[in-house]
Amino acid sequence: MTGLPPVLDRVIGLSGGVLDTLMPMHLWVGADGRILRVGPTLRKMAGGADPAGRPLFEVIALRRPVGADGCGALARLTGQRLGLVLTSAPELPLRGTVAALPGGAGLILDISLGLSFARAVAEFGLTLNDFSPCDQTVELLYLHEANASTMALSRHLTRRLQAARAEAERQALTDPLTGLANRRAMDARIAAALADPAQEFGLLHVDLDLFKEVNDTHGHAAGDAVLARVGEVMRHQLRETDVAGRVGGDEFLVLMPDCTAEEELSAVAARLIATLEQPVLFERRLCMISASIGITSSRAYRRRPGLDALLADADAALYRAKRAGRGCYRLHAAAPAAPAPEPVPPGGHARRRGDGDAMHRAASRNRGGAG
């Protein structure tokens, strides 16, 4: 409808445009209970179809207070706070207040979104122009937008902080030259494997042969290039589940979960040595190295060793390889099996150590006396 009927104009002295500006979510209900005029925002929420001409209670449903089932009962609620919904959006609670117009002109029902403003704005695409400038919803919309922006910024900053923390932790556990784990990371991973009784693993201690000669002959830049190449070899030759780390100037450890067979560990060691012996070209000069490797595994022990003992055994096997001429590998010898207990004769007791010798000496003495 484009204008107000004369009776309402005489009662309140407002044009339709002014009424829409002041109360963009109003309903004017005639004395017969039918809607005469609908505010633009409410019309937008009703799906764009103008509800004018329809009975009021086909468009809204009064939820609070209960029992007001007609326009007469609704008129008696003048000035009270009402709870209602649009029948086309029953899941969206609204607030309202009603005023009876003099002269039998009907009712004016003004509606607001209340706490449902965020849902309504999202669902119906409402903007600031859909509300009266003095409507509290405008302030709530500003607060909602500010809060949404703040939350988005907070989430962005949180993600950046988490990424920075993760990167810092990664760098703290990574050797920058090779990209492999560092000593701290390797000690933690090996200690964790030792602490898990269900985790069996192999361990390789790798020491580069001839690396000092590369540094002395070609300079430290060439040595760095060789170490970077070692990191590439480790990543290429090992499984994704294996963990390789640089734990010294030219020393490396390789943790191999679920790999304890001597044949498999030996094959990995031989492959690493063969690959590392391939020349590294640095500034038109060939850098030649090899490697010696000491091998041990969790199955080489009757009882889980400590971290220091395990590393010492791998180190001992490494230096056996060094003494054998370098460019080779050696395995840590498994602990000998515990001796089987001496069988107990039926009805007897187990002999103590030395009992047999004592009995033999006594028999000899007896034979000497009889002679």
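Only a predicted model underlies this, so the values are computations on that prediction, with no experimental measurement involved. Note that these values count all heavy atoms, side chains included, but never hydrogens, waters or copies made by symmetry.
Salt bridge absent: Arg326 and Asp207 never bring a charged side-chain N and a carboxylate O closer than 4.0 Å. At a threshold of 4.0 Å, the pair Arg183-Asp175 does not count as salt-bridged, since none of the basic side-chain nitrogens sits closer than that to a carboxylate oxygen. Checked for salt-bridge contact, Arg235 and Glu232 miss the test: no charged N lies under 4.0 Å from a carboxylate O. Between Glu123 and Arg119, none of the side-chain N atoms (NZ, or NE/NH1/NH2) sits under 4.0 Å from a carboxylate O, so this pair counts as no salt bridge.
Under the 4.5 Å side-chain heavy-atom criterion for ILVMFWY residues, no single connected hydrophobic cluster contains both Ile295 and Val243. Cluster annotation: Leu77 and Leu84 are assigned to the same hydrophobic cluster (Ile/Leu/Val/Met/Phe/Trp/Tyr, side-chain heavy-atom contacts under 4.5 Å, transitive). Under the 4.5 Å side-chain heavy-atom criterion for ILVMFWY residues, no single connected hydrophobic cluster contains both Leu227 and Leu173. Leu82 and Leu42 fall within the same hydrophobic cluster, defined by Ile, Leu, Val, Met, Phe, Trp and Tyr side-chain heavy atoms under 4.5 Å apart, directly or through other members. A continuous path of Ile, Leu, Val, Met, Phe, Trp and Tyr side chains, each step under 4.5 Å between heavy atoms, connects Val230 with Leu238, placing both in one hydrophobic cluster.
Rounded to the nearest 0.5 Å, atoms OG (Ser290) and CZ (Phe211) are 14.0 Å apart. Here His26 contributes atom NE2 and Leu107 contributes atom CG; the two are 12.5 Å apart, rounded to the nearest 0.5 Å. With rounding to the nearest 0.5 Å, the separation of CG in Asp130 from CZ in Arg43 is 11.0 Å.
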Worked check of side-chain contact (heavy atoms from CB on, under 4.5 Å) between Cys259 and Arg239: CA-CA 11 Å; Cys259 183; Arg239 304 170 302 174; 3.8 Å; yes
Dump the intermediate steps for salt bridge (charged side-chain N to carboxylate O under 4.0 Å, His left out) on Asp20 and Arg37, then the final yes or no. CA-CA 10 Å; Asp20 289 346; Arg37 183 177 178 82; 2.8 Å; yes
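Taking a 6.0 Å sphere around CZ of Arg285, one finds it holds more than 12 heavy atoms contributed by other residues, nucleotides or ligands.
A donor-acceptor contact shorter than 3.5 Å links the side chain of Thr21 to the backbone of Gly17. Between the Asp187 side chain and the Arg184 main chain, no donor and acceptor come within less than 3.5 Å of each other. Of the possible polar contacts, none joining the Thr217 side chain to the Val214 backbone as a donor-acceptor pair under 3.5 Å is found.
Under 3.5 Å, the side chains of Glu200 and Thr260 contain no donor-acceptor pair of N or O atoms. A donor atom on one side chain and an acceptor atom on the other are found under 3.5 Å apart for Thr296 and Tyr301.
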